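Inspection log for the structure reproduced underneath, given as structure tokens.
Since we're looking at a predicted model, the values are computed, not measured. Just so it is clear, the values below take in all heavy atoms, side chains as well, and ignore hydrogens, waters and symmetry mates. By convention in this document, chain letters (A, B, ...) are assigned in the order of the sequence lines, proteins followed by strands, and residues within each chain are numbered from 1.
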Amino acid sequence: DSGVTQTPKHLITATGQRVTLRCSPRSGDLSVYWYQQSLDQGLQFLIQYYNGEERAKGNILERFSAQQFPDLHSELNLSSLELGDSALYFCASSVVGGITDTQYFGPGTRLTVL
Amino acid sequence: ELKVEQNPLFLSMQEGKNYTIYCNYSTTSDRLYWYRQDPGKSLESLFVLLSNGAVKQEGRLMASLDTKARLSTLHITAAVHDLSATYFCAVADFGSNYKLTFGKGTLLTVNP
């Protein structure tokens, strides 16, 4: 158990809908990362937050957005969902978000878009 | 754009044998990470390599980094069934605020 929690574990929804994925980092970690894992694209970095501020952006679609709240939990919002958005979404956290940090991954949220 | 290539993508080995997984990347970086993923599970950090020539070992796994060759290796010694998993390397991209770019992963199956 990494100490990173994600909810929900599974999410099944329809195309065109909007969902919110939630992540709570390990106690004391200030940085949160979001990743998408799919068979087509592999593991892709989406976005990183540090202490409430966006720090780095990866291959995140415009239909997706994220934020990190004052209590350091983070939410990833996915809207206008398409079939191709079906994937495993991981959240990871690290102490300060530096390049020497180890990222600890949560169990993931499996999103299925029908 | 940083590209990370792992090979092989599939590796079936017998218990007791040695093998190496290779991770090549396309641009300058001296930050490389190895992760393990069990089926249906999350990623577990194995090694963080932070400089040229870095070598780290944990049990039957040893990772090394050659930044000049843009190559990292994950060496498996005397494989056991418990090592069966998918192994990913990831490289920090200096040009993109150190975001991680992952390889496609190597699915390792260790057979008795």
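- Within a 6.0 Å sphere centred on CZ of A:Phe69, other residues, nucleotides and ligands contribute more than 12 heavy atoms.
- Residues satisfying the salt bridge (Lys or Arg N to Asp or Glu O under 4.0 Å) test with B:Asp38, not counting sequence neighbours, are B:Arg36.
- Proximity of a side-chain donor or acceptor of B:Ser45 to a complementary backbone N or O of A:Gln103 within less than 3.5 Å is not detected.
- Proximity to chain B (any heavy atom under 4.5 Å) is restricted, for A:Gln37, to the side chain, taken from C-beta onward.
- To the nearest 0.5 Å, atoms CD (A:Gln44) and CG (B:Leu100) are separated by 13.0 Å.
- In this structure, the portion of B:Gln37 lying under 4.5 Å from any heavy atom of chain A is its side chain and not its backbone.
- Between the CZ atom in A:Phe45 and the CZ atom in B:Phe102 there is a gap of 10.0 Å [rounded to 0.5 Å].
- The distance from atom OG1 of A:Thr102 to atom CD of B:Glu44, rounded to the nearest 0.5 Å, is 11.5 Å.
- Taking CG from B:Leu43 and CG from A:Leu43, the interatomic distance works out to 5.5 Å, rounded to the nearest 0.5 Å.
- Heavy atoms of other residues, nucleotides or ligands lying less than 6.0 angstrom from CD of B:Glu5 number 12 at most.
- At a threshold of 4.5 Å between side-chain heavy atoms, the hydrophobic network of Ile, Leu, Val, Met, Phe, Trp and Tyr places A:Tyr104 and B:Val48 in two separate groups.
- Heavy-atom contacts from other residues, nucleotides or ligands closer than 6.0 Å to CZ of A:Arg110 number 12 or fewer.
- Residues B:Ser42 and A:Pro107 come closest through the heavy atom pair CB-CA, 3.9 Å.
- Counting non-hydrogen atoms of neighbouring residues, nucleotides and ligands closer than 6.0 angstrom, the CE atom of B:Met13 exceeds 12 such neighbours.
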